[in-house]
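Please read the structure below before turning to the comments.
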Amino acid sequence: AAARAAVAAAAAASPRYEHEMRLLRSFRTLLWIERSAACGRDCSLDASTAPVLWDATVGRDPKLAAHVRFWNEAIVRRSCAEIGMEDSEVERLFAARGMGEEEAARRLAAVGGEARNSAERRLNKIILPNVRAGCMQACHADTLTVACLVDEQGLLAPWVGYVNPVR
């Protein structure tokens with residue numbers, strides 16, 4: 001408790017913290033989702049493995065589904081560029097909706113040294129899962145956000161907590 005109080009006091013003394021808190025307090029309603037336990041490859045929803053749930057959330061809104069696809073395509077393109085893939089390779093990857101193990105191994109072998117671990121993580125945890133799902137994938141934190149945004153009937157109300165996260 002003492003450590004938490006010390007961290008809170010140090011943060012409160014920061015001008016940047018005060019600016020952020022003023023911004024957060026300026027909204028009438030704010031959806032705050034803690035993402036640390038609800039992100040990543042192992043905690044996601046996609047259209048191919050859970051089509052019914054996908055259709056009931058993201059797929060319910062064509063504009064939102066398009067946003068998710070474009071967002072993921074941008075992440076894939078940026079991640080591919082970071083591991084040295086050419087645009088033509090990325091287009092081939094999208095068209096094939098993945099790459100074989102030999103091609104993946106060849107791609108990683110081309111990245112040497114310390115950068116290899118980062119490249120392997122990007123390829124196996126960001127690029128390939130997104131491409132295999134047709135870039136129709138959302139981590140559960142995003143899925144929860146989508147559920148709150150499309151909950152026009154208030155079905156999530158029993159699980160919504162009203163708190164002041166910035167005490």
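- No side-chain heavy atom of Val131 sits less than 4.5 Å from a side-chain heavy atom of Met99.
- Counting all heavy atoms, side chain and backbone alike, Asp151 lies closest to Ala157 at OD2-N, 4.3 Å.
- Nearest heavy-atom pair, Cys80 versus Leu93, reported as atom, atom and distance to 0.1 Å: SG-CD2, 3.9 Å.
- The OG atom of Ser118 sits 11.0 Å away from the CG atom of Leu123 when rounded to the nearest 0.5 Å.
- Taking CZ from Arg69 and CG from Leu64, the interatomic distance works out to 11.5 Å, rounded to the nearest 0.5 Å.
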For this session: Walk me through it: do Asn130 and Met136 pass the test side chain to side chain contact (heavy atoms under 4.5 Å, CB included)?
Result: CA-CA 7 Å; Asn130 261 302; Met136 296 302 278; over 6 Å; no
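- Between the side chain of Asp55 and the backbone N or O of Gly59, no donor-acceptor pair lies under 3.5 Å.
- Rounded to the nearest 0.5 angstrom, Asn72 CG and His67 NE2 are separated by 9.0 Å.
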Problem set entry | Residues Trp54, Val68; criterion side chain to side chain contact (heavy atoms under 4.5 Å, CB included); working and verdict | CA-CA 12 Å; Trp54 181 269; Val68 167; 3.9 Å; yes
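- Side-chain atoms of Asp46 never come within 3.5 Å of backbone atoms of Gln137 as a donor-acceptor pair (strictly under, hydrogens ignored).
- Residues Ile126 and Trp71 fall within the same hydrophobic cluster, defined by Ile, Leu, Val, Met, Phe, Trp and Tyr side chains chained together at heavy-atom separations under 4.5 Å.
- With Glu89 contributing its side chain and Glu86 its backbone, the two residues share a donor-acceptor pair below 3.5 Å.
- Counting only distance, with no hydrogens or angles, the side chain of Ser79 and the backbone of Val76 share no donor-acceptor pair below 3.5 Å.
- Under a hydrophobic clustering in which Ile, Leu, Val, Met, Phe, Trp and Tyr are joined whenever their side-chain heavy atoms come within less than 4.5 Å, directly or via other members, Leu108 and Met85 fall into the same cluster.
- Between Arg77 and Glu82 there is no salt bridge, since no side-chain nitrogen of the basic residue lies less than 4.0 Å from a carboxylate oxygen of the acidic one.
- Closest heavy-atom contact between Val58 and Ala65: CG1-CA, 3.8 Å.
- The main-chain N or O of Arg132 is found under 3.5 Å from a side-chain atom of Arg97 such that the two form a donor-acceptor pair.
- In terms of heavy atoms, Pro51 sits closest to Ser48 at CD-O, 3.9 Å.
- Taking CZ of Arg78 as the reference point, atom CD1 of Ile127 lies at 10.5 Å (rounded to 0.5 Å).
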